Visitor: 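Please see the structure below; I have some questions.
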Amino acid sequence: MFEVLFFVGFVSVLLFTGVSFAGVILALSMGLTLLLIAGMFLLLLKLLPWILLALLLVWLARRYGPVQFRNREAAERYLRRWKNRR
């Protein structure tokens with residue numbers, strides 16, 4: 001509700017000060033653009049810890065992910081050595 005009152009007040013002040021209707025539309029579009037850019041930037045800052053956590057998990061998954069083998073014999077050798085360690 002506050003946003004509607006702000007919008008009505010903003011438009012009425014612009015019109016009463018002598019700004020044309022085209023000027024009002026231009027001012028509203030510039031304000032909308034500025035608010036959208038600021039909102040997206042603040043959303044990025046709010047989500048930054050989760051983005052960094054996701055990047056860390058992807059890095060860990062690639063670094064310590066499953067071992068790739070060229071053939072079946074190499075995989076079996078690896079598994080035999082792994083079982084003998086325990």
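From a predicted model like this one, the values you see are computed outputs, not experimental measurements. Hydrogens, waters and symmetry mates are skipped; everything else that's a heavy atom, side chains included, is used.
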Visitor: Between S29 and T33, which heavy-atom pair has the shortest distance, and what is it?
Guide: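 Between these two residues, the closest heavy atoms are O-OG1, 2.8 Å.
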Visitor: Check the pair R77 / E73 against salt bridge (charged side-chain N to carboxylate O under 4.0 Å, His left out), numbers first and verdict last.
Guide: CA-CA 6 Å; R77 268 197 318 270; E73 292 82 24; over 6 Å; no
Visitor: Quick check: is Y64 connected to L56 through a chain of hydrophobic side chains (ILVMFWY, heavy atoms under 4.5 Å apart)?
Guide: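 Both belong to a single hydrophobic cluster.
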Visitor: So do the side chains of I25 and F21 get within less than 4.5 Å of each other, counting heavy atoms only?
Guide: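 The answer is yes, as the side chains (C-beta and beyond) meet within the 4.5 Å cut-off.
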Visitor: Are any of the side-chain heavy atoms of V13 and V19 separated by less than 4.5 Å?
Guide: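 The answer is no, as the side chains (C-beta and beyond) never meet within the 4.5 Å cut-off.
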Visitor: Hey, what do you get for CD1 (I51) to CG (L45), rounding to the nearest 0.5 Å?
Guide: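 Answer for the CD1-CG pair, I51 versus L45, is 9.5 Å.
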Visitor: So if you build clusters from Ile, Leu, Val, Met, Phe, Trp, Tyr with side-chain heavy-atom gaps below 4.5 Å, do L44 and L55 land together?
Guide: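 As far as the 4.5 Å side-chain criterion goes, L55 and L44 are connected within one cluster.
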Visitor: For residues L47 and L42: do they belong to one hydrophobic cluster (side chain heavy atoms under 4.5 Å, members Ile, Leu, Val, Met, Phe, Trp, Tyr)?
Guide: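 They do not share one cluster, since no chain of ILVMFWY contacts under 4.5 Å joins L47 to L42.
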Visitor: Side-chain contact test, heavy atoms from C-beta onward, threshold under 4.5 Å: evaluate it for V11 versus L28 and give yes or no.
Guide: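 Counting from C-beta outward, V11 and L28 do come under 4.5 Å.
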Visitor: Report the distance from atom CD of E76 to atom CG of N71, rounding to the nearest 0.5 Å.
Guide: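 Nearest 0.5 Å value for the CD-CG distance: 9.0 Å.
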Visitor: Quick one: CG on L15 to CZ on F10, what's the gap to the nearest 0.5 Å?
Guide: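 Taking CG in L15 and CZ in F10, the distance rounds to 10.0 Å.
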